[in-house]
Every structure is written in C-alpha cells, then in structure tokens.
Amino acid sequence: MERWTAEGARTVRVIGTGVMGRGIAQLAAAGGLTVQLADVRAEAVAEAVDHVGAMFAKLAGKGRMTASDAEAARARLRPVGDPLAPAADCDLVIEAVREDLETKRELFAALEKVCGDGTVLATNTSSLPVTAIASALEDPSRLAGLHFFNPVPLMRLVEVIPGARTAAWVPGALTDLVRRLGHEPVLAPDTPGFLVNHAGRGLVTEALRILAEAVAEPADVDRIAREALGLKMGPFELLDLTGLDVSHPVMESIWNGFYGDPRLRPSTITRTRVEAGLLGRKTGEGFYRYVEGVKQEAPESPLPKPGPRPVWVHDSEALRSLLAEGGARVERGAAPSAEAVVLVTPYGQSALDAARTHGLPAERTLAVDPLGDFAGRLTLAVHPGVDPEAGRAALGALGGTGRPVSVVRDAPGSVAQRLLASIVNVSSAIAEQRLARPQDVNTAVRLGLGYPYGPLEWGDRVGAATVLRILRGLHSATGDPRYRPSLWLTERAELGLPLSETGTTPADLR
C-alpha cells in the first residue's frame with residue numbers, strides 16, 4: 001500500500017448518513033476535502049447532503065464562516081449512493097454504520113475490492129476491536145480506527161486507533177489529517193473502551209460503589225462531583241444522559257475485556273435498572289425523574305445557623321479560620337473541651353478511624369473533607385455512633401460559612417476523594433501498561449469527557465502522594481483490590497515525580 005501524496009488525503013468517502021456520518025461529512029467538507037456520501041438508501045444520501053448544506057448556510061448566517069466558504073464546502077459534497085461504488089479515487093473511506101462486528105467486517109471486505117491500493121480504510125467504531133474488524137481483509141494493514149465523538153463538529157477529540165497489523169505510516173497520516181480538520185487527535189490502544197471510555201470507568205464505577213454502600217444518594221454524589229471537584233456533570237446525571245442501555249454494556253464489556261480487573265468492576269445496580277427499564281432521560285426515569293426532558297430534583301433543606309456549642313478542629317487551620325469567619329465558636333486548645341464538637345479532616349480514613357487514631361471522643365467526632373481546601377461544597381461525614389446533637393451543631397457551624405453542605409455516611413475516604421482517586425488510579429494504570437502516552441490520556445479525557453483537567457494532570461495538582469494516601473487508606477480498610485494503587489502512581493509519589501511524565505526508561509540508557 002502506497003502512502004498518500006505530500007498534501008495528505010484529498011478525497012474521502014463517508015459511508016452511513018446518520019448523525020455521526022453527517023457530522024464527519026460536515027467536518028471534512030469544511031476542512032477542504034472532497035466528500036463522497038454513501039448509504040444503502042439513496043434517499044438518505046440526498047437528505048444528508050441537504051442537511052449538511054443547511055448547516056453550512058446556518059454557520060454563514062451566524063458569521064462563523066463566510067458565504068463563499070459555505071458555498072465552496074457545500075460544493076465539495078458529492079452524493080454517490082452505493083457504498084460499494086468504485087472508489088479508486090478515494091484516499092480515505094470512513095464507515096459510520098451500525099455498531100455490529102459482522103456488518104462492519106462484511107462492509108470492509110467488500111470495500112477492499114473496489115478501493116485503490118493506496119486507499120486507507122477507517123472505522124468509526126466506538127467499542128468494537130479494530131483488529132477484529134481488519135481480520136476480514138486480505139490486507140489488514142490498510143485499516144485503522146478513527147473514532148469521532150458526537151456532535152462531531154463541536155467535539156474536538158478524535159481517537160486514532162491502529163490495529164495489530166495496521167501499517168506503521170497510517171496512524172501518523174490520520175493524525176495529520178485530523179489536525180488539518182481543526183480537531184485534536186490522540187493515539188489510542190486497540191483495547192476494550194479504547195482510551196476515553198476506558199479512562200471514564202474511574203468516575204462512574206466508583207460512584208456506583210458509593211451508592212451501593214449507602215454512603216450518599218445520587219443527587220448528593222452529583223452535587224459533590226460538580227461543586228467540590230468541578231465536573232460539568234455528576235456521574236449519575238451522566239449515566240441518565242447516556243442511557244443505561246448504552247452505559248451498562250460498555251462497563252461490562254470493558255471489565256470483561258480486561259479479564260475482571262477490579263478497578264473496572266461494574267455494578268449490579270445498573271444491571272437491575274436496565275432490566276427494569278429505568279434507563280434515564282430517554283425513558284423519563286433513571287436515577288432522576290424527567291418531565292418533558294427536565295430533571296426533577298428536590299431542593300436541599302436549609303442549613304441551620306451556628307449555635308453556641310464550641311467546635312474544635314483537628315489539624316486544619318484553614319477550616320478553623322473558615323468556621324470562625326462564619327460565626328462559629330472555635331476552640332483553639334491542644335485538645336477539645338468536654339462540650340466541644342470535634343471535626344477531623346482525614347484523607348483516605350473515616351471519621352471513626354481518625355477519632356481512634358488521635359484519641360478523640362468518637363461520639364462527638366465528625367469528618368469534613370479537606371480536598372479542595374474547603375473552597376466549594378463541603379461534605380460532612382457522620383458515623384452511626386455520633387450524638388445527634390453534636391452532629392446538628394457541626395452542621396450549623398458549617399452552614400455559617402455560606403458554603404453548601406452535603407451530609408453523607410462516614411466511610412474511609414470522602415465521596416470526592418474516592419471519585420478523584422479512582423479517576424487518577426485508572427488512568428495511571430493505562431499509562432503503566434503503556435496503552436497510551438500520559439499526554440494523550442490527559443488530552444483524551446479533558447476533551448472527550450469534559451473534566452476540568454486531564455486525570456494525570458489532576459493527580460499532579462492534588463499531589464500524587466495525597467492520591468496514594470487515599471487509595472492506601474481505602475485498600476487497607478476494605479481489603480478490596482479495586483483500590484490497589486497502580487505502580488505508576490506509587491513510584492512517582494514516592495520519588496516526587498509528576499504523574500504526567502514518563503520519567504527515565506531503560507531506552508534512555510542505550
């Protein structure tokens with residue numbers, strides 16, 4: 001198979017005129033490529049050309065492209081109808097047909113016979129193994145994954161996925177093409193979930209574990225994720241938006257694909273809800289109820305004001321100052337008085353364990369999550385032995401700060417700590433197994449999932465040592481191998497090195 005010309009791909013055939021196919025065609029035509037649109041239904045091709053042309057006109061009307069550029073882009077759309085029409089003049093063929101392995105294998109086996117020797121074949125699969133699709137070809141070296149995200153024109157990330165026998169030059173050529181089109185490519189492994197869906201398991205599977213343990217309800221987990229961690233959408237809102245009929249099979253597929261890695265373990269909660277038809281927005285009920293597509297959520301109860309009871313804080317001057325500014329009566333002695341409510345701020349430890357460790361009265365001790373330096377939503381953890389009056393006094397003291405407060409069940413590590421540690425640990429394992437470069441992990445998750453930072457970058461901001469402390473605390477308390485820290489994280493935390501960098505490798509000594 002020959003390389004493309006020095007200018008790269010010039011003509012691309014897009015097979016499939018659904019939402020993804022139309023988005024890919026729009027992006028390619030706007031980027032200067034001649035786009036052949038194909039579908040088994042001739043009327044669908046004509047509709048797709050009209051739709052994409054109307055999108056160009058709409059963009060011109062909003063001033064996002066000139067009228068002449070819109071007309072030129074529209075002129076680059078060429079309806080060809082039959083997906084298997086002769087394609088010797090195509091540099092690239094991208095399929096965006098239904099997500100079925102045999103359908104894709106049959107399509108590419110037939111395409112191989114009508115394409116030129118230099119035509120690269122690309123699948124937009126989001127979950128099927130690229131190598132398995134390519135195995136149907138006489139020349140599997142010409143096929144790679146090119147996974148766009150919906151909506152294509154707005155979602156800048158594209159996963160470039162070489163199969164086991166993809167020619168060495170193809171990933172680089174596709175990467176250059178994606179950049180020409182104004183999007184951001186990342187090299188992703190041909191493993192279950194590729195890169196984005198694999199890394200995304202850290203958030204949702206841990207949120208489901210928190211729910212299973214009755215630590216917090218979905219609404220509070222989502223509020224903490226948004227207002228303490230800075231995520232645009234909480235994990236349960238995300239599951240409802242995607243639909244459990246999509247999300248649960250992906251979770252099971254990735255977990256099975258990695259032979260039961262505990263870090264990726266799915267939950268019986270989602271399996272049961274799928275069987276019950278509680279899929280999310282599309283069915284009107286998931287973890288939330290929806291009326292005409294609008295999420296229904298009960299308002300939070302108002303917080304009490306600070307009372308007269310004193311509050312003693314263990315080892316956090318930042319929390320002492322915040323409480324004092326909010327009107328709480330803060331004790332500053334070396335030990336709490338007999339009347340004081342005690343607040344601890346542990347990482348990877350429960351309030352009860354912290355009370356035992358530091359010799360504090362358990363019945364008056366509650367935990368406040370220190371992650372984020374108390375800048376956003378506060379989380380108060382309550383164990384079963386807490387005196388209710390002490391708990392209400394603690395809640396009043398936190399309410400005086402003006403911060404929103406979530407009250408959750410006490411457990412090793414807070415909600416925010418557990419979510420973040422899982423996000424960082426899953427992505428550290430990806431880097432450890434050399435499935436992707438650290439910078440690609442960060443870019444893929446930041447753009448593909450909308451996190452405020454890439455997961456390894458996020459771990460660096462919080463501190464690898466802090467993340468390791470949380471995971472070790474969870475692993476020690478629960479014995480669950482889900483929380484075993486990755487070697488990538490452990491080594492860098494102990495050496496004081498960034499998670500986002502590879503560091504010295506044996507190759508550097510040669």
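Treat the numbers as computed from the prediction; the structure is a model and nothing was measured.
Side chain to side chain, Ser406 and Arg223 fail the donor-acceptor criterion of an N or O pair below 3.5 Å. In this model, a donor atom of one side chain and an acceptor atom of the other lie less than 3.5 Å apart for Thr131 and Asp190. Between the side chains of Glu99 and Thr125, at least one donor N or O sits under 3.5 Å from an acceptor N or O. No hydrogens or angles considered: a donor-acceptor pair under 3.5 Å links the side chains of Thr205 and Arg482.
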Next item on the list: Decide yes or no on side chain to side chain contact (heavy atoms under 4.5 Å, CB included) for Val415 and Asp220, but give the supporting numbers first.
Entry: CA-CA 9 Å; Val415 171; Asp220 267 317; over 6 Å; no
Item checked: Criterion side chain to side chain contact (heavy atoms under 4.5 Å, CB included) on Leu239 and Arg273, from CA distance to verdict -> CA-CA 11 Å; Leu239 289 169; Arg273 296 177 80 86; over 6 Å; no
Notebook entry, point to check: Does the side chain to side chain contact (heavy atoms under 4.5 Å, CB included) test come out yes or no for Leu419 and Ile210, once each step is laid out?
Noted result: CA-CA 9 Å; Leu419 295 178; Ile210 289 167; 4.0 Å; yes
Next item on the list: List the steps and the verdict of side-chain hydrogen bond (donor to acceptor under 3.5 Å, both in side chains) for Ser135 and Arg105.
Entry: CA-CA 8 Å; Ser135 67; Arg105 284 164 55 92; 2.5 Å; yes
Checklist line | Chi angles and distances behind the side chain to side chain contact (heavy atoms under 4.5 Å, CB included) call for Lys295, Asp222 | finding: CA-CA 13 Å; Lys295 181 180 70 172; Asp222 285 346; 5.5 Å; no
Next item on the list: Show your working on side-chain hydrogen bond (donor to acceptor under 3.5 Å, both in side chains) between Thr11 and Asp89 and close with a plain yes or no.
Entry: CA-CA 7 Å; Thr11 301; Asp89 59 337; 5.5 Å; no
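Asp39 places no side-chain N or O within donor-acceptor distance of the main-chain N or O of Ala44, the cut-off being under 3.5 Å. Gln26 contributes no side-chain N or O that, together with a main-chain N or O of Arg22, makes up a donor-acceptor pair within less than 3.5 Å. Panel note: side chain Asp240, backbone Phe287; a donor-acceptor pair is recorded below 3.5 Å. Panel note: side chain Arg377, backbone Phe374; no donor-acceptor pair is recorded below 3.5 Å. With hydrogens and angles ignored, the 3.5 Å screen pairs no side-chain donor or acceptor of Ser500 with any backbone N or O of Pro438. Put simply, the side chain of Asp369 never gets that close to the backbone of Ser414: no donor and acceptor are under 3.5 Å apart. Side chain of Thr166 to main chain of Gly163: a donor-acceptor pair is present (N/O by atom type, distance under 3.5 Å, no hydrogens or angles). Judged by distance alone, with hydrogens and angles left aside, the side-chain atoms of Arg201 form no donor-acceptor pair with the main-chain N or O of Met251 at under 3.5 Å. Checking side-chain atoms of Thr272 against main-chain N and O of Thr268 turns up a donor-acceptor pair under 3.5 Å. When atom types are taken as modelled, the side chain of Gln36 and the backbone of Cys90 share no donor-acceptor pair closer than 3.5 angstrom.
Ring pair His147/Phe149 is tilted by interplanar angle, where 30° to 60° counts as tilted. By the 30° and 60° cut-offs, the orientation of the rings of Trp458 relative to Tyr451 is perpendicular.
In this structure the side chain of Asp91 never reaches within 4.5 angstrom of the side chain of Val120, judged on heavy atoms. Using a 4.5 Å heavy-atom threshold, the side chains of Leu92 and Leu174 count as touching. Residues Arg180 and Leu33 form a side-chain contact, since some pair of their non-hydrogen atoms from C-beta on lies under 4.5 Å apart. Residues Val196 and Val186 are not in side-chain contact: their nearest non-hydrogen atoms beyond the backbone lie 4.5 Å or more apart. The shortest side-chain heavy-atom distance between Leu208 and Phe236 falls under the 4.5 Å cut-off. When side chains are defined from C-beta on, Ile161 does not count as touching Leu146, because their heavy atoms never get closer than 4.5 Å. Counting only heavy atoms from C-beta outward, the side chains of Leu489 and Val467 approach each other to under 4.5 Å. No side-chain heavy atom of Ser127 sits less than 4.5 Å from a side-chain heavy atom of Asn197.
What you find for Val426 and Gly202 is that their closest heavy atoms are CG2-CA, 3.8 Å. Scanning both residues, Val215 and Ala411, for their nearest heavy atoms gives CG2-CB, 3.9 Å. Taking both residues in full, the closest heavy atoms of Pro455 and Ile423 are given as CB-CG2, 3.7 Å, listed atom of the first, atom of the second, then distance. Taking each heavy atom of Arg492 and Pro498 in turn, the nearest pair found is CD-O, 3.4 Å. Minimum interatomic distance between Leu449 and Gly200 (heavy atoms only, all atoms of both residues): CD1-CA, 3.6 Å. Annotation for Leu195 and Pro189: closest pair CB-CD, 4.2 Å, computed over non-hydrogen atoms.
Applying the side chain to side chain donor-acceptor pair (under 3.5 Å) test between Thr270 and each of Glu252, His248, Glu275 identifies His248 as the sole match. Partner Pro162 forms a side chain to side chain contact (heavy atoms under 4.5 Å, CB included) with one of Leu187, Val130, Val170 and no other, that one being Leu187.
Separating the CZ atom in Arg281 from the CZ atom in Arg289 is a distance of 14.5 Å, to the nearest 0.5 Å. In this structure, the separation between CD1 on Ile24 and CE on Met20 is 5.0 Å, given to the nearest 0.5 Å. With rounding to the nearest 0.5 Å, the separation of OH in Tyr288 from CG in Leu278 is 14.5 Å. Taken to the nearest 0.5 Å, the CZ atom of Arg13 stands 11.0 Å off from the CG atom of Leu121. Here the straight-line distance linking atom CZ of Arg446 with atom CG of Leu456 works out to 12.5 Å at 0.5 Å rounding. Here the CD1 atom belonging to Ile224 is positioned 12.0 Å from the CG atom belonging to Leu231, to the nearest 0.5 angstrom.
Salt-bridge check for Arg418 with Glu213: passed, with a basic side-chain N closer than 4.0 Å to an acidic carboxylate O. The existence of a salt bridge linking Arg209 and Glu206 is excluded, since no basic side-chain nitrogen approaches an acidic carboxylate oxygen closer than 4.0 Å. Asp261 has a carboxylate O that lies under 4.0 Å from a charged side-chain N of Arg484, or vice versa, which qualifies the two as a salt bridge. We find that Asp480 and Arg265 are joined by a salt bridge, their nearest charged nitrogen and carboxylate oxygen being less than 4.0 Å apart.
At least one test fails for Arg142 against the ring of Phe108: distance under 6.0 Å to the centre or angle within 45° of the axis.
Shown here is Arg403, whose CZ atom has more than 12 heavy atoms of other residues, nucleotides or ligands within 6.0 Å.
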